[in-house]
Visitor: 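Next up is a structure, given as structure tokens.
Just so you know, residue 1 is the first one in the sequence shown, and it goes up from there.
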Amino acid sequence: MTNNYVQLARSIPVPEAVPTVSVNPVTLPAPDRGLPLELRVTAPLHGDALAIVLLSHGGGSSRYLRSKDGYSPLVDFYASHGFAVVQPTHLSSPSGGLGLDKDAPGHPLFWRSRIDDFGLILDNLDAVEAQAPVVAGRLDSARIAVVGHSAGGNTASALLGARATDPAGGAVLDLLEPRISAGVLLASTGSGEGMTSTMREQYPELEADFSHLTTPTLVVHGDLDGNPAASTRGADWHAEPYHLSPGADALLTLPGAKHYLGGVMGYSLAETDDEDPERLAVTQRMTWAYLRSALHAGDPAWQQATDAIRGNPVLGRVHTK
């Protein structure tokens with residue numbers, strides 16, 4: 001897929017894109033959830049032993065893209081370069097979830113339900129394949145990663161090992177998902193200490209202890225992604241999962257980027273505060289390369305990508321442990 005807006009980011013190597021296919025919706029029964037879980041599955045049209053990328057959407061002001069129907073720039077790229085992408089519509093979605101029902105238990109974040117959605121998916125991959133026969137027998141359940149943006153990054157961090165305190169009972173929750181072996185956190189939430197007092201009062205479940213995040217993880221943030229309503233620490237708050245966890249082994253900082261990292265949530269989306277095809281291409285290519293090497297031992301994609309970006313620092317800065 002040629003994008004004439006992208007020039008410098010082409011120096012970050014990726015294989016040629018291949019045709020993809022998408023099945024939407026795939027529906028999993030979930031009697032205790034309040035609604036069945038709806039998914040979109042997108043994968044290469046051909047090929048076997050496809051590693052799986054689970055994608056957790058964030059919030060935002062768009063009506064429909066806070067769901068399985070968003071994040072096409074990431075989904076299209078990952079699938080056209082070899083991954084099978086599974087996107088749930090979390091209950092926080094206003095269009096396909098319970099986001100408009102202020103009386104629904106867990107509103108507005110539905111924090112625990114978001115995490116449980118992925119356990120339901122992984123427990124029912126056979127049912128997913130049965131409803132999406134184009135991927136039947138082609139998914140590699142031994143190679144699974146999770147990618148989350150914004151609030152979806154908080155969801156992903158719990159699956160990767162970060163611990164949280166249950167606001168209902170005060171118990172410390174260990175929700176590590178051992179079937180997930182790598183992750184990417186995009187403009188994710190940082191520590192509770194970095195949250196404003198108002199943010200902590202409204203959303204105590206977002207406070208995370210990253211010292212238990214042990215799964216290999218790439219953290220991506222923009223150096224202009226400061227939100228004084230959310231954090232007292234500016235854009236650096238979104239980099240804290242890298243600095244505070246033993247598992248996050250790479251940090252990608254995008255110069256000039258804000259919360260949507262060039263436009264990850266949708267093509268030409270009005271709410272994107274930093275639409276930039278070049279920056280988006282860096283986000284696509286670098287996260288793909290990290291996932292490729294993390295899920296395929298010995299694959300040189302990540303090393304090649306980091307070499308390329310270090311040779312062109314205007315695109316971004318990479319730190320590793």
Visitor: Taking the side chain as every heavy atom from C-beta outward, state whether D223 and R317 have any pair of such atoms under 4.5 Å apart.
Guide: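 They are in side-chain contact.
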
Visitor: Does the side chain of L173 reach to within under 4.5 Å of the side chain of R112, using non-hydrogen atoms?
Guide: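 Yes; the side chains approach each other to less than 4.5 Å.
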
Visitor: Quick one: do the D76 and Y267 side chains pair a donor with an acceptor below 3.5 Å?
Guide: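 The criterion, which ignores hydrogens and geometry beyond distance, is satisfied for Y267 and D76.
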
Visitor: Please check if the side chain of R138 supplies one atom and the backbone of P44 the other of a donor-acceptor pair under 3.5 Å.
Guide: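 Judged by distance alone, yes, a pair lies under 3.5 Å.
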
Visitor: Any chance you could measure L160, atom CG, to T155, atom OG1, to the nearest 0.5 Å?
Guide: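 So the CG of L160 and the OG1 of T155 are separated by 10.5 Å.
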
Visitor: So, are D117 and R33 salt-bridged, with charged N and O less than 4.0 Å apart?
Guide: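 Judged by the 4.0 Å cut-off on N to carboxylate O distance, D117 and R33 do form a salt bridge.
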
Visitor: Do T42 and Y78 have side-chain atoms, one donor and one acceptor, less than 3.5 Å apart?
Guide: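 No.
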
Visitor: When rounded to the nearest 0.5 angstrom, what distance separates CZ in R179 from OG in S181?
Guide: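 It is 12.0 Å, given to the nearest 0.5 Å.
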
Visitor: Given side chain to side chain contact (heavy atoms under 4.5 Å, CB included), test D140 with I52 step by step and report yes or no.
Guide: CA-CA 7 Å; D140 186 350; I52 301 168; 5.8 Å; no

Visitor: Please answer whether the main-chain N or O of G70 pairs with a side-chain N or O of Q87 as donor and acceptor at a distance below 3.5 Å.
Guide: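 At least one qualifying donor-acceptor pair exists.
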
Visitor: Atom CG of L139 and atom CG of L50: how far apart are they, to the nearest 0.5 Å?
Guide: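 These two atoms lie 6.5 Å from each other.
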
Visitor: Are H212 and L176 side-chain neighbours, meaning at least one heavy-atom pair lies under 4.5 Å?
Guide: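 Heavy-atom side-chain distance check fails, nothing below 4.5 Å.
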
Visitor: Could you walk me through whether R163 and D174 pass the side chain to side chain contact (heavy atoms under 4.5 Å, CB included) test, one step at a time?
Guide: CA-CA 5 Å; R163 294 185 182 175; D174 177 3; 3.3 Å; yes

Visitor: Counting distance only, does the side-chain N/O of E278 pair as donor-acceptor with the main-chain N or O of Q7 below 3.5 Å?
Guide: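 Yes, E278 side chain to Q7 backbone: donor-acceptor pair under 3.5 Å.
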
Visitor: With a 4.5 Å cut-off on side-chain heavy atoms, are L213 and S157 touching?
Guide: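 Side-chain contact under 4.5 Å: yes.
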
Visitor: Go through the steps to decide whether L315 and S11 satisfy the test side chain to side chain contact (heavy atoms under 4.5 Å, CB included), and finish with yes or no.
Guide: CA-CA 10 Å; L315 295 176; S11 65; 4.0 Å; yes

Visitor: Rounded to the nearest 0.5 Å, how far apart are CZ of R114 and OG of S93?
Guide: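 One gets 9.5 Å once the value is rounded to the nearest 0.5 Å.
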
Visitor: Can you give me the closest heavy-atom contact between A127 and L28, atom names plus distance?
Guide: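 Closest approach of A127 to L28: CB-CD2, 4.0 Å.
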
Visitor: Count I, L, V, M, F, W, Y as connected when their side-chain heavy atoms are under 4.5 Å apart, and connections chain through other members. Are L206 and V146 then in the same cluster?
Guide: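 Result: yes, single cluster for both.
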
Visitor: Could you tell me which non-hydrogen atom of P13 sits nearest to which non-hydrogen atom of A308, and how far apart they are?
Guide: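 In terms of heavy atoms, the two residues are closest at CD-CB, 4.0 Å.
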
Visitor: Please find the pair of heavy atoms, one from S141 and one from I144, that lie closest to each other, and give the distance.
Guide: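 Taking S141 first and I144 second, the nearest heavy atoms are O-CD1, 3.3 Å.
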
Visitor: What distance do T283 atom OG1 and L252 atom CG have between them, rounded to the nearest 0.5 Å?
Guide: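 The CG atom of L252 is 6.5 Å from OG1 of T283, to the nearest 0.5 Å.
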
Visitor: Run the numbers on S188 and H238 for side chain to side chain donor-acceptor pair (under 3.5 Å), then give the verdict.
Guide: CA-CA 5 Å; S188 183; H238 299 288; over 6 Å; no

Visitor: Keeping R66 on the side-chain end and S62 on the backbone end, is there a donor-acceptor pair under 3.5 Å?
Guide: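 Here the side-chain-to-backbone pair exists.
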
Visitor: Does L251 share a hydrophobic cluster with L185, counting links as ILVMFWY side-chain heavy atoms below 4.5 Å and allowing steps through other members?
Guide: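 Yes: a chain of side-chain contacts under 4.5 Å links L251 to L185.
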
Visitor: State, to 0.1 Å, how close A79 and V85 come at their nearest heavy-atom pair, and which atoms those are.
Guide: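 Closest approach of A79 to V85: N-CG2, 4.2 Å.
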
Visitor: Closer than 3.5 angstrom, by distance alone: can the side chain of W237 be matched with the main-chain N or O of S191 as a donor-acceptor pair?
Guide: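 Side chain of W237 to backbone of S191, a donor-acceptor pair under 3.5 Å: yes, one is there.
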
Visitor: Closer than 3.5 angstrom, by distance alone: can the side chain of Y290 be matched with the main-chain N or O of T217 as a donor-acceptor pair?
Guide: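 Judged by distance alone, yes, a pair lies under 3.5 Å.
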
Visitor: Any heavy-atom pair between the side chains of H221 and T253 that's under 4.5 Å?
Guide: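 Yes. Closest side-chain heavy atoms under 4.5 Å.
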
Visitor: Examine M195 and W111 and state if one hydrophobic cluster contains both, with Ile, Leu, Val, Met, Phe, Trp and Tyr joined whenever side-chain heavy atoms are less than 4.5 Å apart.
Guide: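 M195 clusters together with W111.
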
Visitor: Return yes when atom CZ of R63 has more than 12 non-hydrogen atoms of other residues, nucleotides or ligands closer than 6.0 Å, and no otherwise.
Guide: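 No - once you tally the heavy atoms of other residues, nucleotides and ligands closer than 6.0 Å, there are 12 at most.
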
Visitor: If you group Ile, Leu, Val, Met, Phe, Trp and Tyr by side-chain heavy-atom gaps below 4.5 Å, do L120 and F110 land in one group?
Guide: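 No, it is not one cluster - the side chains of L120 and F110 are not joined through contacts under 4.5 Å.
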
Visitor: Any non-hydrogen side-chain atom of R143 less than 4.5 Å from a side-chain atom of F83?
Guide: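 Contact flag for R143/F83 side chains = no.
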
Visitor: With a 4.5 Å cut-off on side-chain heavy atoms, are H81 and Q284 touching?
Guide: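 Result no, sub-4.5 Å side-chain heavy-atom pair not found.
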
Visitor: Where do D69 and N24 land on the side chain to side chain contact (heavy atoms under 4.5 Å, CB included) test, with the steps shown first?
Guide: CA-CA 9 Å; D69 299 321; N24 174 43; 3.6 Å; yes

Visitor: So, S92 side chain and P108 main chain: donor-acceptor pair closer than 3.5 Å or not?
Guide: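 A pair under 3.5 Å: no.
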
Visitor: Does either side chain, that of T89 or that of E38, offer a donor lying less than 3.5 Å from an acceptor on the other one?
Guide: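 No - no donor-acceptor pair under 3.5 Å links their side chains.
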
Visitor: Indicate whether any N or O donor in one side chain lies under 3.5 Å from an N or O acceptor in the other, for T189 and N154.
Guide: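 The answer is yes; a qualifying pair exists.
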
Visitor: Heavy atoms only: give me the nearest P313-P255 pair and the separation to one decimal.
Guide: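 Nearest pair, atom of P313 first, then P255: O-CG, 4.5 Å.
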
Visitor: Which pair of heavy atoms, one from A182 and one from L295, lies closest together, and at what distance?
Guide: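 The pair with the smallest heavy-atom distance is CB-CD2, 4.3 Å.
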
Visitor: Is the closest side-chain heavy-atom distance between L74 and L186 below 4.5 Å?
Guide: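 A side-chain contact under 4.5 Å exists here.
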
Visitor: Determine yes or no for a side-chain-to-main-chain donor-acceptor pair under 3.5 angstrom, with H259 supplying the side chain and S150 the backbone.
Guide: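 Flag not set: sc H259 to bb S150 has no pair under 3.5 Å.
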
Visitor: Without swapping roles, check the side chain of D209 against the backbone of A164 for a donor-acceptor pair under 3.5 Å.
Guide: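 Side chain of D209 to backbone of A164, a donor-acceptor pair under 3.5 Å: no, none is there.
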
Visitor: Under 6.0 Å between ring centres: does that hold for H149 and Y260?
Guide: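 Judged by ring-centre distance (under 6.0 Å), H149 and Y260 do meet the cut-off.
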
Visitor: Charged N to carboxylate O below 4.0 Å: is that the case for D249 and K321?
Guide: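 No.
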
Visitor: For the CZ atom of F210 and the NE2 atom of H243, what is their distance to the nearest 0.5 Å?
Guide: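 Answer for the CZ-NE2 pair, F210 versus H243, is 11.5 Å.
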
Visitor: Are V23 and I121 linked, directly or through intermediate hydrophobic residues, by side-chain heavy-atom contacts shorter than 4.5 Å (ILVMFWY only)?
Guide: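 Same cluster: I121 reaches V23 through Ile, Leu, Val, Met, Phe, Trp or Tyr contacts under 4.5 Å.
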
Visitor: So does D276 pair up with K258, basic N to acidic O under 4.0 Å?
Guide: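 So D276 does not pair with K258 through a salt bridge.
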
